[in-house]
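To start, the structure itself, in structure tokens.
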Amino acid sequence: MTWTPWRSLAPHTPLSPTVLRELLDGGQAFCWYETDSVWEGTWGEHIARLRLSDNGQLEWSAPTTCPDASDALRHYLALDPEWEKTIDALPWRSDAVLASAMGNWPGLRILRQPFAETLLTFLCSSTKQIVQIKQGCAQMAATLGKSLPGGRHRLPDWEALHAADEDDLRACRLGYRARFIKQTAAFLAEHPGWLEETEALPYAEARARLITLPGVGAKIADCVLLFGAGRLESFPVDTWILKVMAQRYRLDGWKPEQVATFGRTHFGPLAGVAQQFLFADARAVRRIAPAGTDTSA
DNA sequence: TGACAGGGGGTGT
DNA sequence: ACACCCCCTGTC
């Protein structure tokens, strides 16, 4: 397999290796792998490589057999001038916590992933860490997904998942999530067009519908809408966000659903973007803090 | 290098 | 509140 020469996606806000890692491997997407500062990833039917130039600009390469991946990449990475305006509309001027987090992660953004695929990856995510989720996704792709140029496979579509045995899914180290995926696949097979309709619905209605799927609760529904449908008002609340909000916004004792509502109200139509900055901060603190350090209380 | 707990980015009952 | 299911991670 030969790959195209590197070409630039500039201009955009310069990215540091740390921010790029957070973007591609921080919990939004689970199909990116890094080798010697080169990231290779798949989304939908696409595959591409990404690296950073000396001045923090993205460069890309794709298999020579693929059509120009540049447009797909720009869309996937939200590399449009609009994004800068989007960021500026966040209430950072009146929120020092948010301003600080945004300052720590310049260029961090929300990926635009395929909806159906995002539902699948986040269905795999409950009580799993990123490494484990990635393993499950890689296994599913390898065993049930169509092959892509370059030896990798794309994630299986819901039709393929419906046709698969639960044992095939279990073999992908998905644990009890295998049953949820099978049940969801069966439901989607019985209701053609349901996913597409859901994606087109307003946020609250789409969220309510997703939650009716087996294995999809409020958190996963919010992730699917934020990362897979561009619903930037979605504010996913996991245990880390729960901690951050408790500590820095004095929301001790609040329940996840209450924090989600607070987030959407406080941060407004771009709450999910704010969430991503706060989330990145929380993850960084966890990595840097010495073992046993507890900043709560 | 290897065995052994502990616990995990959530959901459903 | 607790089970679900399994694997990653830290530790001895």
Side-chain angles (χ1 to χ4, degrees), chain A residues 21-33 101 105 108 110-111 113 118-140 142-143 165-187 207-228 234-248 251 253-260 263 271-296:
Chain A
R21 176 175 297 279
E22 186 65 25
L23 176 64
L24 299 177
D25 205 19
Q28 294 191 50
F30 305 97
C31 296
W32 285 92
Y33 293 86
W105 303 92
L108 186 61
I110 303 294
L111 260 17
Q113 305 178 68
T118 311
L119 174 60
L120 174 61
T121 59
F122 278 93
L123 219 27
C124 299
S125 73
S126 65
T127 56
K128 266 185 179 278
Q129 302 196 325
I130 293 169
V131 208
Q132 298 167 268
I133 302 169
K134 284 173 73 169
Q135 283 188 357
C137 289
Q139 289 257 18
M140 275 193 296
T143 56
D165 289 328
E166 188 175 320
D167 286 345
D168 297 332
L169 263 13
R170 294 255 166 196
C172 296
R173 304 162 162 180
L174 296 171
Y176 61 83
R177 301 156 198 85
R179 186 165 44 88
F180 290 147
I181 291 170
K182 275 301 290 176
Q183 290 173 337
T184 291
F187 176 87
R207 184 183 200 256
R209 264 173 72 132
L210 283 174
I211 287 175
T212 66
L213 293 174
V216 178
K219 190 270 181 185
I220 289 180
D222 277 330
C223 285
V224 173
L225 288 170
L226 179 59
F227 306 129
S234 178
F235 193 82
V237 175
D238 58 33
T239 58
W240 290 105
I241 285 295
L242 206 56
K243 280 187 192 133
V244 175
M245 298 304 285
Q247 286 174 208
R248 311 193 73 171
L251 304 186
W254 287 42
K255 302 205 177 338
E257 199 67 24
Q258 297 175 302
V259 174
V273 184
Q275 186 266 9
Q276 206 55 27
F277 284 111
L278 297 171
F279 181 76
D281 255 20
R283 275 172 30 90
V285 167
R286 174 183 57 168
R287 284 192 299 269
I288 294 162
T293 299
D294 188 351
T295 51
S296 64

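All chains are named by letter (A, B, ...) in the order of the sequence lines, taking the proteins before the strands, and each is independently numbered beginning at 1.
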- [ ] Report the residue (L213(A) or W240(A)) whose heavy-atom-nearest nucleotide on DNA chain B is the more 5′ of the two.
- [x] W240(A)
Could you give the [atom1]-to-[atom2] distance, from [X] to [N], as a whole number of Å?
X       : N       : atom1 : atom2 : result
I220(A) : dG9(B)  : CD1   : C1'   : 10 Å
E166(A) : dC4(C)  : CD    : P     : 15 Å
I133(A) : dC5(C)  : CD1   : C1'   : 15 Å
L242(A) : dT11(B) : CG    : P     : 12 Å
D167(A) : dC6(C)  : CG    : P     : 11 Å
L174(A) : dC4(C)  : CG    : P     : 18 Å
F235(A) : dG9(B)  : CZ    : P     : 17 Å
K134(A) : dT9(C)  : NZ    : P     : 11 Å

Task: Side-chain donor/acceptor of R177(A) to backbone N/O of L174(A), under 3.5 Å - done: yes
Just checking [X]: base, sugar-phosphate only, or nothing, at a heavy-atom cut-off of under 4.0 Å?
X       : result
G26(A)  : base
A178(A) : nothing
R179(A) : nothing
T127(A) : base
P214(A) : sugar-phosphate
G217(A) : sugar-phosphate

- [ ] Provide the distance between the two P atoms, one in dG10(C) and one in dG9(B), to the nearest whole Å.
- [x] 13 Å
Task: Gap in Å between the two P atoms, one belonging to dA5(B) and one to dC5(C), rounded - done: 22 Å
Task: Under 3.5 Å donor-acceptor pair, R283(A) side-chain atoms to dG9(B) base atoms - done: yes
Open item on the list: Taking atom types as they are modelled, would you say the side chain of Y176(A) forms a donor-acceptor pair with the base of dG12(B) within the 3.5 Å cutoff?
Closed with: no
Does [X] make a side-chain N or O approach to OP1 or OP2 of [N] shorter than 4.0 Å?
X       : N      : value
Q132(A) : dC6(C) : no
R173(A) : dC8(C) : yes
Q129(A) : dG8(B) : no

- [ ] If the plane angle is over 60° it's perpendicular, under 30° parallel, otherwise tilted; pick one for F227(A) and F122(A).
- [x] parallel
TODO: Give none if dA1(C) has no partner; otherwise give the nucleotide forming a Watson-Crick or G-U wobble pair with it, both distances under 3.5 Å.
DONE: dT13(B)
Task: Out of dG9(B), dT11(B), dC6(C), whichever nucleotide has its closest atom nearest the side chain of F279(A) - done: dG9(B)
- [ ] Among the candidates dG9(B), dT9(C), dC7(C), find the nucleotide nearest to the side-chain atoms of V131(A).
- [x] dT9(C)
Open item on the list: Rounded at 0.5 Å granularity, tell me how far CG in D281(A) sits from CH2 in W240(A).
Closed with: 12.5 Å
TODO: Look at R207(A) together with E257(A) and state whether they make a salt bridge at an N to O cut-off of under 4.0 Å.
DONE: yes
Open item on the list: Strictly below 4.0 Å, N to O, side chains only: are D165(A) and R170(A) in salt-bridge contact?
Closed with: no
- [ ] Write down the atom of Y33(A), the atom of A138(A), and the distance for their closest heavy-atom approach.
- [x] OH-CB, 3.6 Å
